[in-house]
Every structure is written in C-alpha cells, then in structure tokens.
K.L.:
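Here's a structure for you.
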Amino acid sequence: MTARDRDFDKLQGHWLLARLGKKVLRPGGRKMTEWILDQSRLTDARVVELAPGLGITAAEILKRLPSGYVGVDEDEAAVQTTAKVVSGQGRVVKGKAQSTGLDDDSADVVIGEAMLTMQGDKGKNAILDEVRRILAPGGRYAIHELALTPDDLPTSTKDEIRVAMSKAIRVNARPLTPAEWRQLLEDHGFEVEQVRIGEMGLLKPSQMLEDEGPAGVARIVVNAIRQPAARRRVLSMRNTFAKHDDSLASIGIVARVRDTRGEIEFLDEEQKADLAADPDALSFHDVIAAAPSPVDGDGPAVQRLQTADGVNLIAMRFRAGQSLPDHRAAHPILVQCMEGRVRFSVGDRTETLTPGRVAHLPSMVPHRVDADEDSVFLLSMLT
C-alpha cells in the first residue's frame, strides 16, 4: 500500500469525499441545510456557525443578511477556507465547538451541521452546554444531523448500525433517534420549535446530482477512478449506507433557548393589594448548620430538612474519602455543594462541585458522588 493509499484509508469519511471534490457533506444535502436556515430567521441576527468546514453553509447564511457572522472550526485549513468565503462580511476563529472562546450571550443563532452525530455522549453534552452559554435569551439553535428511525428501533440494531458506520467513515458516529435528539436538546434548556425528517442521501445519485450538479458529480467520479484506494472507501461507505437505508435518515431541528422570564409573574399595585402574602409560606434553612454530624464508614451522614411542595430537601455531610456509590433517583435532582469539594459522576463524565456550582440530573440516571475533602451538599429532589 502506498503512502497515498494509507492516507485515503485513514481519512474521515467527510474529508475523503471533500478530497475527491464533493462540496456538500451533510446527510440531508442542500435542501435540509436551506430548511434549517430558513426556519432560523437569520436576517439581522448575530450568527455563529460551528465547524463550517468548506464554507458552503456560510455562503448560504450570508445570503440571508445576518447582522454578524462568526465561524468556529478547530481545523486550520477549514478556518482559512471559510474565511475566504466570508471575507469582509464576517470572521472565522480557530477553536473547538465545546470551547469556542466567544462571550456569553453573544449569538442570536447558532448553526451546527453533521457534527453532534460524530460525538459520544460526553462530547454532545459539552457542545450543547457551550451553545447554551453563548446564546442570548430566546436565541435559536439549528442542527442538521444523522438520525436513526423509527424511535422504537431496537438497541441491538442501533448498536449494529453505529459500529458499521464508524468502520465505514472512520469516525465514532453516534446518531440518535428523532425522540432522542429532541430529549437531548430539552435536557439542555431548549424548546424544540421545528423538526424535519428527510433521506440520508449523502451518496445517493439523485441527491448528489441535486447538491453537486452534473459537472460536480463527473469530477468526483473521475477523481475516484484515478484513486483506487479512495474509490474502495467510497464504495464501502455507500454499501454501508445502502444496507441500513431503512433505518438511516437526515434530521433538521430548530430549537429555542427556553425563556424562563415568563415563568415569573411580576405584580402590579392592584395585584399586590388583592393577593395575600403569607409569611409562614417561606421556609428557610441554614444547610451547613443543619447538616448532620459526620459518621464513620464509607457513606455520608444524611438528614432530611423538609418535604415541601415540589421538592424534598436533604442535607448530606461527607468526610474526605466517603462516597455514594452508583445509584439513581426516582425524581429529577439538583445537587448544590455548600462546603468542601465533591466529584459528581455520570457514566464517563465527572464534574467537580465546589460552593456555587449546581448539578441537575433527570430521574433514573445512574450516578455516583465522591468526596475529595470534608464536604456538605444539599440534595433537592424535584417531586
């Protein structure tokens, strides 16, 4: 095998296709891209695009006259390519989708295509946390990804497809079902506004002609003929997609940052006069003072502080080295570190909680807690 053959064999699928001249590298093609952009209301909006790649979507974004454009890509070649596309109308910076370096609330719309699919759970969560941080209240997040259908697809089939996809495209692809994509966004504080399901037509002749045009398809074919190793990879990818065609789809979703301001009702003078305010309705706890004395053994001391409307408040005091081994709760929980330092772990993701940091977890998700030093935390079980 020549050095060039080895290069083609190792290339991630989208970069392999780009090397052969393919410009549109999204699962749903131009149609799905244009749909998410149209639904995102980009005119006069501050737009951030994550992983713009060849700048094809960037050009479409600029046609919709945003007030600003910033692309973020960790690949230097992609930065330079997209910078030429947006020259004078925006900027492109080198950075990761999970750590853009952009300011809080600096975007009205974030666009991401065919990138979350390529991340495991930890990567997806990190990117969504970053998107949530840089979006202004009420901002929109538009994604164009690969989906598995239907929603009740057996786990064994999902795993089989994911393994086959990863081998074919040389990326650990983790596509989700439409319901799982929706849930992922909702778990990160988004309200899903629009969803569209389409074909996964990346290598289907009809979509290629629509995306690339006859001359573009001819160029790709000629380049593939000239490069046998690349051609073998493309045929392997196409065979994998065809084998699982019934279960593969493209998905476009436009979601909006959940605006909690409407959940608080401010009272006018008349309402204040008419509505009774019962001082006894207020509950107050000094959690550190109320937490139980430490106990010997592997686990913490536990004290229920209150059973209230919608929440059970529980204080826990750890000695350094004590832990709560893997467990799950029947209700969503909030964990707030009040004193000390604990590690909160879910699967292969671990976050350190110190005073001022809060963790939220949906119901029935396995997790564990380990205290690095003497610590107190408040568990709020949201009933």
Side-chain angles (χ1 to χ4, degrees), residues 12-18 20-42 47 49-61 63-64 97 109-119 124 127 131 140-151 153 158 161-162 164-166 168-169 171 173-182 184-185 190 192-213 216-217 220 234 237-238 240-255:
Q12 294 180 355
H14 59 291
W15 289 124
L16 171 70
L17 295 174
L20 294 176
K22 194 170 190 334
K23 297 184 180 300
V24 180
L25 304 171
R26 314 309 191 192
R30 290 183 185 273
K31 276 189 175 180
M32 187 65 82
T33 294
E34 291 174 358
W35 182 83
I36 67 168
L37 298 183
D38 289 342
Q39 302 305 312
S40 298
R41 304 189 295 279
L42 302 183
V47 179
E49 185 185 7
L50 302 179
L54 301 178
I56 302 299
T57 298
E60 291 297 324
I61 290 171
K63 289 179 183 178
R64 290 159 173 81
V109 182
V110 175
I111 306 292
E113 296 187 279
M115 57 173 305
L116 290 174
T117 297
M118 306 306 174
Q119 303 286 332
K124 286 181 173 68
I127 290 171
V131 170
R140 294 174 296 284
Y141 181 32
I143 64 173
H144 172 181
E145 297 291 343
L146 186 62
L148 298 177
T149 59
D151 284 330
L153 197 67
K158 294 180 189 177
I161 295 172
R162 287 165 178 161
M165 291 283 294
S166 297
I169 66 176
V171 180
R174 300 287 296 176
L176 304 178
T177 66
E180 289 168 339
W181 281 119
R182 177 186 287 270
L184 178 67
L185 289 162
F190 292 92
V192 173
E193 293 186 327
Q194 302 281 343
V195 179
R196 183 173 184 175
I197 308 294
E199 272 195 318
M200 205 301 269
L202 185 64
L203 293 179
K204 289 183 177 179
S206 58
Q207 183 171 306
M208 288 188 65
L209 281 168
E210 189 170 341
D211 289 345
E212 311 292 338
V217 172
I220 295 167
V234 172
M237 289 163 53
R238 190 177 70 175
T240 299
F241 299 161
K243 179 180 179 181
H244 301 288
D245 186 54
D246 288 345
S247 300
L248 291 174
S250 62
I251 186 169
I253 302 178
V254 178

K.L.:
Donor-acceptor pair, distance only, cut-off 3.5 Å: does the side chain of Ser250 make one with the backbone of Met200?
P.N.:
no
K.L.:
Just do the side-chain contact (heavy atoms from CB on, under 4.5 Å) check on Val234 and Leu16 with the steps written out, would you?
P.N.:
CA-CA 8 Å; Val234 172; Leu16 171 70; 4.2 Å; yes
K.L.:
Any side-chain heavy atom of Lys204 within less than 4.5 Å of one from Phe241?
P.N.:
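Result no, sub-4.5 Å side-chain heavy-atom pair not found.
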K.L.:
Given side-chain contact (heavy atoms from CB on, under 4.5 Å), test Ile169 with Gln12 step by step and report yes or no.
P.N.:
CA-CA 6 Å; Ile169 66 176; Gln12 294 180 355; over 6 Å; no
K.L.:
Does atom NZ (Lys158) have a neighbourhood of more than 12 heavy atoms from anything else shown, all under 6.0 Å?
P.N.:
yes
K.L.:
Output the distance between atom CD1 (Ile127) and atom CG (Leu50), rounded to the nearest 0.5 Å.
P.N.:
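CG of Leu50 is found 7.5 Å from CD1 of Ile127.
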K.L.:
Test your reading of the model: is there a side-chain donor-acceptor pair from Lys124 to the backbone of Arg174, 3.5 Å cut-off?
P.N.:
yes
K.L.:
So which heavy atom on Ala114 is nearest to which on Pro27, and how close?
P.N.:
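So the minimum-distance heavy-atom pair works out to CB-CD, 3.9 Å.
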K.L.:
Roughly how far apart are Gln194 CD and Trp35 CH2, rounded to 0.5 Å?
P.N.:
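Here the rounded value is 5.0 Å.
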K.L.:
Could you pull out the closest heavy-atom pair between Leu54 and Ala18, with the gap in Å?
P.N.:
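Closest pair (atom of Leu54, atom of Ala18, distance): CD1-CB, 4.2 Å.
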K.L.:
For Arg26, what residues pass the side-chain hydrogen bond (donor to acceptor under 3.5 Å, both in side chains) criterion, not counting sequence neighbours?
P.N.:
Glu113
K.L.:
Could you measure the distance from the CD1 atom of Ile56 to the OG1 atom of Thr33? Nearest 0.5 Å is fine.
P.N.:
10.0 Å
K.L.:
Testing the basics here: between Gly29 and Gln207, what is the closest heavy-atom pair and its distance to 0.1 Å?
P.N.:
N-NE2, 3.2 Å
K.L.:
Test side-chain contact (heavy atoms from CB on, under 4.5 Å) on Trp181 and Leu184 and set out the steps.
P.N.:
CA-CA 5 Å; Trp181 281 119; Leu184 178 67; 4.0 Å; yes
K.L.:
Run Leu146 and Leu202 through side-chain contact (heavy atoms from CB on, under 4.5 Å) and show every step you take.
P.N.:
CA-CA 10 Å; Leu146 186 62; Leu202 185 64; over 6 Å; no
K.L.:
Can any side-chain N or O of Ser247 pair as donor or acceptor with the backbone N or O of Leu148 at less than 3.5 Å?
P.N.:
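Pair absent, no side-chain N/O of Ser247 close to backbone of Leu148.
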K.L.:
For residues Lys63 and Leu37, determine if any side-chain heavy atom of one lies less than 4.5 Å from a side-chain heavy atom of the other.
P.N.:
no
K.L.:
Is a side-chain N or O of Arg64 found less than 3.5 angstrom from the main chain of Arg41, in a donor-acceptor match?
P.N.:
no
K.L.:
Is there side-chain contact between Ile220 and Met208, with at least one heavy-atom pair below 4.5 Å?
P.N.:
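Yes, their side chains come closer than 4.5 Å.
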K.L.:
Please determine which of Val192, Val254, Leu185 meets the side-chain contact (heavy atoms from CB on, under 4.5 Å) test together with Tyr141.
P.N.:
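It is Leu185, the one option of Val192, Val254, Leu185 that forms the side-chain contact (heavy atoms from CB on, under 4.5 Å) with Tyr141.
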K.L.:
Out of curiosity, Glu60 CD to Glu34 CD, how far, rounded to the nearest 0.5 Å?
P.N.:
5.0 Å
K.L.:
Can you check whether Gly252's main-chain N or O pairs, donor with acceptor, with Arg196's side chain at less than 3.5 Å?
P.N.:
no
K.L.:
Could you tell me which non-hydrogen atom of Trp15 sits nearest to which non-hydrogen atom of Gly53, and how far apart they are?
P.N.:
CH2-CA, 4.5 Å
K.L.:
Scan Leu42, Val109, Val110, Ile111 and name whichever one has a side-chain contact (heavy atoms from CB on, under 4.5 Å) with Arg140.
P.N.:
Val109
K.L.:
Quick one: list whatever passes side-chain hydrogen bond (donor to acceptor under 3.5 Å, both in side chains) with Glu212, sequence neighbours left out.
P.N.:
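Only Lys22 meet the side-chain hydrogen bond (donor to acceptor under 3.5 Å, both in side chains) criterion with Glu212.
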K.L.:
Does a side-chain heavy-atom distance below 4.5 Å link Pro52 with Thr57?
P.N.:
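No, side chains not in contact.
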K.L.:
Minimum heavy-atom separation for Ile61 to Val47, with atom names?
P.N.:
CG2-CG1, 4.0 Å
K.L.:
Mind checking side-chain hydrogen bond (donor to acceptor under 3.5 Å, both in side chains) for Thr117 and listing every partner two or more places apart, or none if nothing turns up?
P.N.:
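side-chain hydrogen bond (donor to acceptor under 3.5 Å, both in side chains) list for Thr117, sorted by chain: Glu145.
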K.L.:
Count the heavy atoms of every other residue, nucleotide or ligand shown that sit under 6.0 Å from NZ of Lys31, and state whether that count exceeds 12.
P.N.:
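For Lys31, atom NZ is not crowded (no more than 12 foreign heavy atoms under 6.0 Å).
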K.L.:
Would you find a donor on one side and an acceptor on the other, under 3.5 Å apart, between the side chain of Asp151 and the backbone of Ala179?
P.N.:
yes
K.L.:
Measure across Met165 and Thr240 and return the closest heavy-atom pair with its distance rounded to 0.1 Å.
P.N.:
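Nearest heavy atoms, Met165 then Thr240: N-CG2, 4.2 Å.
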